[in-house]
There are 4 protein chains.
Amino acid sequence: MTRTPRHRRRPEARPEEILTAALATFAEQGFAAARVEDIARRAGLSKGAVYLYFPSKEAMLNALVEQSAGALARTVEQHVAQIAAADPEAALRGLLRILFAAVSSPEVSAAPRLVLTEAHRFPELANFYREHVLDVMRRAMGALLAAAVEAGVFRDVDTDAFMRIIAGPGLAQMALTTIFDLKPDRLTDPGDLADAIADILLYGLKPRLESANT
Amino acid sequence: MTRTPRHRRRPEARPEEILTAALATFAEQGFAAARVEDIARRAGLSKGAVYLYFPSKEAMLNALVEQSAGALARTVEQHVAQIAAADPEAALRGLLRILFAAVSSPEVSAAPRLVLTEAHRFPELANFYREHVLDVMRRAMGALLAAAVEAGVFRDVDTDAFMRIIAGPGLAQMALTTIFDLKPDRLTDPGDLADAIADILLYGLKPRLESANT
Amino acid sequence: MTRTPRHRRRPEARPEEILTAALATFAEQGFAAARVEDIARRAGLSKGAVYLYFPSKEAMLNALVEQSAGALARTVEQHVAQIAAADPEAALRGLLRILFAAVSSPEVSAAPRLVLTEAHRFPELANFYREHVLDVMRRAMGALLAAAVEAGVFRDVDTDAFMRIIAGPGLAQMALTTIFDLKPDRLTDPGDLADAIADILLYGLKPRLESANT
Amino acid sequence: MTRTPRHRRRPEARPEEILTAALATFAEQGFAAARVEDIARRAGLSKGAVYLYFPSKEAMLNALVEQSAGALARTVEQHVAQIAAADPEAALRGLLRILFAAVSSPEVSAAPRLVLTEAHRFPELANFYREHVLDVMRRAMGALLAAAVEAGVFRDVDTDAFMRIIAGPGLAQMALTTIFDLKPDRLTDPGDLADAIADILLYGLKPRLESANT
DNA sequence: CATGAATGAGCTTTCATTCAT
DNA sequence: CATGAATGAAAGCTCATTCAT
């Protein structure tokens, strides 16, 4: 069952299979260097068959991103919607854990990485991603901050600074891990790393006189 | 006669001119999609002339990175060496300002962006960059943190978390600016944005009872 | 519809067709000057199609030689094995006739000529040919001479001199015919020329007192 | 003095030096694969300087052949003219020795080999060589045979067969030595090999009843 | 005379895309 | 639907030839 059978059981699933193969290939080789034949082979198809489902290599890239784009953004959105108001601090910790978990999973992070790598050359891709992912996340983070400030739990910091300081560490982790194969010394578990960062974010680097250190 | 003459008087600057053109072209098109002829024309040369100076397209990429790699890392290194011990807080603020300034200058950030984009397919490039840039920066940041902790100015946080939370926002800013053309709403000046982030980093999101900033 | 269709029905003969075209093209232009596109067109294909069957131009050269190499050598080998012992004189005459027939047929001699022309730059080709053709022929000629000497029919001459005086006239004929378009005045039939040479070889230039031939 | 000095002593000798370098390079690489720059370097000149003396690469080939062509043919011609009438047998032996000596000297045989290799693609070259070398040799050999027959020393064999059986062994020796690096087992000295072949030629392979063996 | 940087045509090879089967 | 042979437009790279110095 794990072995790709000669006659696939669900021919309707073909497009998805192709996109999965395309994502893997693009992630490995980059869009320009990826060969359609490799994608086809990985999907268990002939080169020509791919063109029955997608009119061009670029169409695969678009479909790919459109398909995988929403997932992470929606998770973040829901997470924030659920607990931001009740417990902003927990929401922030959870958000960071979600981001680090995503970033540490090659499958989940493949599509975002691809967008980061290729969007510059495909403006429509950039637009799509900005609209369907970045804006969603921005709204979610903005809502989290607003709720927290409203509740007096967070200081009233700049929204853009807030977003960058939340999303940035995950990006750094992704780059270091994926591209340079550099893993953290001690906090090898993504969750732990996310917690350590959340702690710095919440309490700051400078020691507090009162008490609180995680 | 102002028109580019057919044969220029042997400017020893040729290799640099070519690398500048190559960086611009690679940054725009990506390495795989960039055409040597485009690089040549941008450098005011014919296709073949480029090969008088570099044996292959990949050699240009390598030379490019080797040339531009050190600059930012050295700046960071010197900055930290100079004031980390005396005033860790100022050192951190300065570090963030340096990173944001670099990231906001397309020329300065072009090479690092290229590495982030292409290093995955060129392991030697990744190795070089890790050794000559990342390791330098890691050491500098590690030294900054150690000095600050030693002086009792910073809490004793995890080094990897510290590095990711320092470098990450710059990465986020770079991605948002370069790829998605998303600028901050209010803090349009990179320095201001760096300051706002430094403030969050130093004092944390949660309000302090003792004094209270912002 | 008689016009070459765009896509032929997969003839498994493609590689052979390509090699035939390659041989003709290499023979005309030399390996270095031959263009893959010319080979392709001669085989009724597009440039790219050739690369579906051979990974490079040099691979065609190798395949070509490996394919055509054995034929002549095997013919010689069998011929000698069959009649050398029984009638060495007839064997020698036959051998010369075989060589001159081969040399006089442009199709048959094309591959050997190619080897003579190109082997110097492709040591592997030279090795292959020496092993699969020259050594076979050397053994056959050596056996012929040994059998004839043993039987008292030939004088005990040096083997290397024997081989060179047997194979040489064919080479001369090939060079004169192929390169300089010089045909014999009288003995225009290769068989007759071979016979005349065999006669000199067997009976020598100096007249014999005993019987006298010619 | 053997070291190429910076300023050459006889600038009038340039063309010859270039042709020497060209011959060596063509012999090694073949005409098509030889690079003008390599020729220039070997002649101790810059690439451009070569074009002060020869208008094109092909012109070098022609000049080369025109220059070196005559030598061997003239030697043969003179040799035959001198002793063919007096002692045809000695003339034949000497002729073979001359041919084998030439063939065994890489410098002397380089030009003829080049012609054999390239003349097919340069009809003018073939014409020149046929006229200035082959025809001269043919005439010389024809004269030798005619004189010998006239004197009753040689049988009246066919001229074309005669020429091929004389010139052929040298060709064979050249091919085996130069291309396939195959040396004779016993008769490693070219003169000895020539003698052995002359012996076969003169007295034939079949033993004579009367006497005479060499 | 001599240099060597520069040109640009031309070559091998690759690969997205098409289409007869 | 699926195949895979075939196409042909590039692209990287080479090198004979030119020409400003």
Side-chain angles (χ1 to χ4, degrees), chain A residues 6-8 11-12 14 32-41 44-60, chain B residues 4-12 14 32-40 43-60, chain C residues 4-12 14 32-40 43-60, chain D residues 6-8 11-12 14 32-41 44-60:
Chain A
R6 204 168 176 69
H7 298 280
R8 308 204 134 246
E12 344 67 62
R14 274 287 149 74
R35 285 156 47 197
V36 172
E37 180 148 28
D38 288 344
I39 297 172
R41 234 199 290 291
L45 280 167
S46 73
K47 196 165 38 158
V50 165
Y51 285 87
L52 296 172
Y53 299 95
F54 297 96
S56 73
K57 194 166 103 167
E58 195 173 334
M60 287 183 241
Chain B
T4 53
R6 222 179 133 128
H7 297 260
R8 294 229 208 123
R9 275 146 293 130
R10 65 208 73 169
E12 266 68 12
R14 269 293 140 72
R35 284 160 45 200
V36 172
E37 182 150 26
D38 288 343
I39 296 172
L45 284 167
S46 73
K47 196 171 33 163
V50 166
Y51 287 90
L52 296 173
Y53 299 95
F54 297 96
S56 71
K57 193 167 104 167
E58 196 172 333
M60 287 184 242
Chain C
T4 53
R6 221 179 132 133
H7 297 258
R8 294 228 210 121
R9 274 145 294 130
R10 66 207 73 170
E12 265 69 12
R14 270 292 141 72
R35 285 160 44 200
V36 172
E37 181 150 27
D38 289 344
I39 297 172
L45 284 168
S46 73
K47 200 171 27 164
V50 166
Y51 286 89
L52 295 173
Y53 300 95
F54 296 96
S56 71
K57 194 167 102 166
E58 195 171 334
M60 287 183 241
Chain D
R6 206 169 173 68
H7 297 278
R8 309 204 132 248
E12 341 69 62
R14 274 287 150 74
R35 285 156 47 195
V36 172
E37 179 147 29
D38 288 344
I39 298 172
R41 236 200 289 291
L45 281 166
S46 73
K47 196 166 36 159
V50 167
Y51 285 87
L52 297 171
Y53 299 95
F54 297 96
S56 72
K57 192 166 102 165
E58 194 173 336
M60 287 183 242

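Each chain gets a letter, A, B and so on, in the order its sequence line appears, and its residues count up from 1.
Each of C:Gly48 and B:Val50 lies near DNA chain E, and the nucleotide nearest B:Val50 is the one positioned closer to the 5' end. Closest-nucleotide positions on DNA chain E for C:Ser56 and A:Ser56 were compared, and the one nearer the 5' end corresponds to C:Ser56.
Minimum atom distance to the side chain of D:Ser46 is reached by E:dA2, of the listed E:dA9, E:dT7, E:dA2. In the set E:dG10, E:dA2, E:dT7, the nucleotide with an atom closest to the side chain of D:Arg14 is E:dA2. Here E:dT13 is the nucleotide among E:dT13, F:dC13, E:dA5 with the atom lying nearest to any side-chain atom of C:Lys47. You'll find that the side chain of D:Leu52 is closest to E:dC1, out of F:dT18, E:dT13, E:dC1.
C:Glu37 places its CD atom 15 Å from the C1' atom of E:dT14, with the value rounded to the nearest Å. Going from atom CG of D:Asp38 over to atom P of F:dA16 covers 9 Å, rounded to whole Å. Here F:dC13 presents its P atom at 18 Å from OH of B:Tyr53, a figure rounded to the nearest Å. Nucleotide E:dC15 holds its P atom 12 Å from the CD1 atom of A:Ile39, rounded to whole Å. Taking atom CE of residue A:Met60 and atom P of nucleotide E:dA16, one finds them 9 Å apart after rounding to whole Å. Rounding to whole angstrom units, CZ of residue C:Arg35 and P of E:dA9 are separated by 15 Å. Distance, D:Arg41 CZ to E:dT3 C1': 13 Å, rounded to whole Å.
Listed pair B:Lys57 / F:dG12 meets the phosphate criterion, a side-chain N or O lying under 4.0 Å from OP1 or OP2. For the pair B:Tyr51 and F:dC13, the criterion of a side-chain N or O lying under 4.0 Å from OP1 or OP2 is met.
Residues forming a side-chain contact (heavy atoms from CB on, under 4.5 Å) with D:Ala40 (at least two apart in sequence, or on another chain): D:Val50. Among residues two or more places apart in sequence or in another chain, the side-chain hydrogen bond (donor to acceptor under 3.5 Å, both in side chains) test is passed with B:Glu37 by B:Arg41. For D:Ser56, the side-chain contact (heavy atoms from CB on, under 4.5 Å) partners two or more places apart in sequence, or in a different chain, are D:Glu58, D:Ala59.
Counting non-hydrogen atoms under 4.0 angstrom, D:Ala34 reaches the backbone sugars and phosphates but no base.
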Encoded 5' to 3' (Watson-Crick or G-U under 3.5 Å; [ ] crossing; | other strand), DNA chain E becomes .||||||||||||||||||||
